[in-house]
Amino acid sequence: VRVGSDSQLPFGHCALSLTPITDAVVSPSGTLYEREAAVSYLMREMEKLRVWREAYEQQCENDAKEQAQLEQKSLSEKVQNFEAKEGGGGMSGTA
């Protein structure tokens with residue numbers, strides 16, 4: 001596969017903003033970035049990750065509540081089934 005020069009950035013241009021670089025930073029792979037563009041991009045991505053993490057934690061909390069409710073319902077059904085089989089002689093009505 002041949003890559004034409006029109007598909008590559010001119011040397012000294014930022015891979016994010018596609019503008020000439022005045023304050024360069026270089027990635028470990030050798031990609032050039034404008035410092036301001038790189039920091040801005042990282043800040044946006046960190047905010048996205050924060051929002052996703054909060055949504056994930058909320059979902060985990062909701063799942064745990066739902067699981068607890070299901071377990072409580074299952075336990076109540078087991079108790080009711082046991083009391084029905086045993087003739088209702090449970091301790092709940094005695095003093």
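Just so we're clear, the structure is a prediction, and the values are computed from it rather than from any experiment. Side chains are part of it too, since the values below use all heavy atoms of this structure and drop only hydrogens, waters and symmetry mates. Along the sequence shown, the residues carry numbers beginning at 1.
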(request) In plain terms, say whether E45 and K48 are close enough for a salt bridge, that is, a side-chain N and a carboxylate O under 4.0 Å apart. (result) yes

Do you know which two heavy atoms are closest between [X] and [Y], and how far apart they sit?
{"X": "E34", "Y": "I21", "result": "OE1-CA, 3.1 Å"}
{"X": "C14", "Y": "Y33", "result": "SG-CA, 3.8 Å"}
{"X": "A38", "Y": "V25", "result": "CB-CG2, 4.3 Å"}

(message) Whether the N62 and Q58 side chains hold a donor-acceptor pair (N or O, under 3.5 Å, no angle test) is what I'd like checked.
(response) yes

(request) Start with the C-alpha gap between E86 and F82, add the side-chain angles, then the distance that decides, and say whether side-chain contact (heavy atoms from CB on, under 4.5 Å) holds. (result) CA-CA 6 Å; E86 298 297 320; F82 176 77; 3.5 Å; yes

(message) If we ignore hydrogens and angles and just use 3.5 Å, is the side chain of S76 paired with the main-chain N or O of Q72 as donor and acceptor?
(response)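 Present.
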
(message) I'd like to check the salt bridge (Lys or Arg N to Asp or Glu O under 4.0 Å) partners of E57; sequence neighbours left out, ordered by chain and number.
(response) none

(message) When you compare the side chain of T31 with that of V26, does any pair of heavy atoms fall below 4.5 Å?
(response) no

(message) A side-chain contact here means heavy atoms from C-beta on lying under 4.5 Å apart; do K73 and Q69 qualify?
(response)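 The answer is no, as the side chains (C-beta and beyond) never meet within the 4.5 Å cut-off.
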
(message) Checking D63 now: which residues fulfil side-chain hydrogen bond (donor to acceptor under 3.5 Å, both in side chains) with it, not counting sequence neighbours?
(response)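 Here the qualifying residues are Q59.
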
(request) Take E47 and R50 through the salt bridge (Lys or Arg N to Asp or Glu O under 4.0 Å) test and state the conclusion after the steps. (result) CA-CA 5 Å; E47 179 62 21; R50 185 189 63 78; 2.4 Å; yes

(message) Check for me, please, whether L16 and L42 land in the same ILVMFWY cluster - side-chain distances under 4.5 Å, paths through other members count.
(response) yes

